[in-house]
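The structure under discussion appears below in the form of structure tokens.
Just so you know, ligand 1 is whichever comes first in the structure, and atom 1 is the first atom listed for that ligand. Counting from 1, the numbers follow the sequence of the chain as shown.
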Amino acid sequence: MARILIVEDEARIAAFVSKGLRAEGHHTTIAVDGKQGLDEALSGGHDLVVLDIGLPRIDGFEVLARLRDQGSRLPVIVLTARDSVTDTVSALEGGADDYMPKPFRFAELLARVRLRLRTTEAGGRQAEDALEAGGIRLDLRTRRAAVAGRVVDLSAREFTLAEIFMLNPGQVLSREQLLDHVWGFDFDPGSNVVDVYVGYLRRKFGAKSIQTVRGMGYRFNPGP
Ligand code: CA
């Protein structure tokens, strides 16, 4: 459980992020402009910040700059526009720990939040930016996968699905959970897209990597 500050002026996005993080057991606070966000971030009551760039009063870059000027090392994940490489580069140079291009699926943000929280717990930025189990390695920065040291091509959806499985080893994940996380909440629940993509992953990771649990869903088996 972590205390997460969401600085986002778009109520719909703030609510979407907040709801998802709470469902994961985190405590969330929403700040609706840069000034409020900066004050909250400096209050010392948060473990991580999800920071939008386009904000009223003070924009996200300025919030980040002032936060770092004050010596805060609070992990910050910046929400950037997907087509703006400049924003992304500026954010990282300005001291952001990670970025999330908008629009995004919740699972993608959650993976980054988990990674940042783990990195913080490990006491520094040196901690791994990868998930590894059973010979499968997912590089969360480059979004590339390898099996037994050999690079395997995964589509963005396949990668996100693999990430969810690897973040929850040995746990049964239902089709609905996987649909929500990887394809979004409004996807047709009757669709067999999850089964199809699990099939793709099995082909790439090995037939036994993901087990079918009848009537319940799927379980990732990390293996030896
Ligand atoms: Ca905004």
Side-chain angles (χ1 to χ4, degrees), residues 1-120 125 129 140-143 156-157 159-160 163-164 180-187:
M1 208 265 324
R3 298 160 303 170
I4 300 173
L5 172 64
I6 301 156
V7 190
E8 169 63 79
D9 58 315
E10 266 183 74
R12 192 179 53 86
I13 297 175
F16 166 70
V17 171
S18 177
K19 185 179 152 224
L21 291 173
R22 281 172 185 264
E24 291 292 316
H26 298 300
H27 181 80
T28 59
T29 305
I30 296 172
V32 297
D33 65 50
K35 174 75 172 60
Q36 193 191 348
L38 182 63
D39 290 345
E40 276 289 343
L42 289 171
S43 73
H46 307 283
D47 303 309
L48 182 140
V49 184
V50 176
L51 176 66
D52 187 31
I53 291 296
L55 289 168
R57 300 178 79 184
I58 308 175
D59 76 16
F61 291 126
E62 188 62 27
V63 171
L64 187 59
R66 293 198 202 172
L67 194 60
R68 295 303 183 230
D69 276 354
Q70 304 270 331
S72 168
R73 297 189 59 213
L74 196 58
V76 176
I77 298 171
V78 166
L79 304 179
T80 61
R82 193 168 286 274
D83 52 2
S84 178
V85 176
T86 320
D87 274 13
T88 303
V89 171
S90 308
L92 292 174
E93 283 180 349
D97 299 272
D98 210 339
Y99 66 96
M100 185 73 253
K102 282 182 180 179
F104 54 86
R105 282 180 289 279
F106 182 71
E108 297 176 305
L109 177 65
L110 183 62
R112 282 167 168 79
V113 166
R114 284 185 171 159
L115 177 65
R116 284 307 130 205
L117 290 174
R118 258 191 308 160
T119 307
T120 313
R125 292 172 181 223
D129 284 350
L140 302 176
R141 282 215 167 261
T142 61
R143 313 291 288 173
R157 287 282 161 96
F159 192 97
T160 306
E163 202 171 2
I164 294 302
D180 279 358
H181 275 293
V182 182
W183 282 271
F185 294 90
D186 46 4
F187 212 88

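- Residue L67 comes nearest to A41 through the heavy atom pair CD1-CB, 3.7 Å, listed as atom of the first residue, atom of the second, then distance.
- Using a cut-off of 3.0 Å, one finds that L55 contributes no N/O/S atom close to the Ca ion (ligand 1).
- Nearest approach of I30 to E8, heavy atoms of both residues: CG2-O, 4.4 Å.
- With the Ca ion (ligand 1) as vertex, G54 O and D52 OD2 subtend 80°, rounded to 10°.
- Between the side chain of R57 and the backbone N or O of D33, no donor-acceptor pair lies under 3.5 Å.
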Could you go through the salt bridge (charged side-chain N to carboxylate O under 4.0 Å, His left out) check for D98 and R112 one step at a time?
-> CA-CA 7 Å; D98 210 339; R112 282 167 168 79; 3.8 Å; yes
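- Distance check for E10 against the Ca ion (ligand 1): none of its N/O/S atoms falls below 3.0 Å.
- Taking the Ca ion (ligand 1) as reference, the nearest N/O/S atom within D9 carries the name OD1.
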